[in-house]
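Here is the structure we will look at.
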Amino acid sequence: MLRTALIVALSTFALTTAASAQGADENVIVLRYAAEHPTDNAQLPTVPQLGDSVPDTVALQQVPGNSNLVYFYYNGEPVLVDLKTRSIVRIGQ
């Protein structure tokens with residue numbers, strides 16, 4: 001029983017670590033694309049913060065081959081957004 005619990009725990013850790021690494025790689029790809037394809041700065045009523053929801057008035061830029069993350073620019077910096085939730089997941093390089 002202890003052995004089974006240990007195997008389950010290690011498997012869960014491995015899957016979580018792999019998902020985190022994949023997410024980090026995805027961020028790098030989208031950041032690289034955003035740097036090569038800058039847009040005009042979005043007009044927002046407040047400075048964007050991690051976790052904030054992006055208003056529908058902000059035009060989000062798609063990245064070819066990526067359906068999870070989009071971006072916009074604010075104050076000269078790319079801002080990465082989770083497309084499903086429209087929440088900010090990264091600001092700047």
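Values reported hereafter were calculated over all heavy atoms of this structure, with side chains retained and with hydrogens, waters and symmetry mates removed.
Using a distance-only test at 3.5 Å, with no hydrogens or angles considered, a donor-acceptor pair links the side chain of Asn41 to the main chain of Asn75. At least one donor-acceptor pair under 3.5 Å links the side chain of Asp52 to the backbone N or O of Gln49.
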Task: Stepwise side-chain contact (heavy atoms from CB on, under 4.5 Å) test for Leu83 and Asn68 - done: CA-CA 6 Å; Leu83 185 57; Asn68 298 321; over 6 Å; no
- [ ] List the steps and the verdict of side-chain contact (heavy atoms from CB on, under 4.5 Å) for His37 and Val63.
- [x] CA-CA 10 Å; His37 300 88; Val63 176; over 6 Å; no
Open item on the list: What verdict does the side-chain contact (heavy atoms from CB on, under 4.5 Å) test give for Glu77 and Gln93, after you've listed the backbone C-alpha separation in whole Å, the side-chain angles of each residue and the deciding distance to 0.1 Å?
Closed with: CA-CA 7 Å; Glu77 293 286 334; Gln93 302 279 346; 4.0 Å; yes
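By the criterion of side-chain heavy atoms lying less than 4.5 angstrom apart, applied directly or through intervening Ile, Leu, Val, Met, Phe, Trp or Tyr residues, Val54 is not grouped with Tyr71; the two fall into different hydrophobic clusters. A continuous path of ILVMFWY side-chain contacts below 4.5 Å connects Val70 to Ile88, so both sit in one hydrophobic cluster. A chain of hydrophobic side-chain contacts below 4.5 Å, direct or via other Ile, Leu, Val, Met, Phe, Trp or Tyr residues, connects Val47 to Val81. Note on Ile29 and Val79: separate hydrophobic clusters, where clusters join Ile, Leu, Val, Met, Phe, Trp and Tyr whose side-chain heavy atoms are under 4.5 Å apart, directly or indirectly.
Among all heavy-atom pairs drawn from Tyr74 and Thr46, the shortest one is OH-O, 4.2 Å. Heavy atoms only, all atoms of each residue included: Phe72 and Ala59 are closest at CB-O, 3.8 Å. The shortest heavy-atom contact between Leu31 and Pro78 is CD2-CG, 3.9 Å.
Two residues are said to be in side-chain contact when any heavy atoms from C-beta on lie closer than 4.5 Å; Val89 and Leu69 meet this criterion. Two residues are said to be in side-chain contact when any heavy atoms from C-beta on lie closer than 4.5 Å; Val58 and Gln43 fail this criterion.
A distance of 7.0 Å separates OG1 in Thr39 from OH in Tyr73, rounded to the nearest 0.5 Å.
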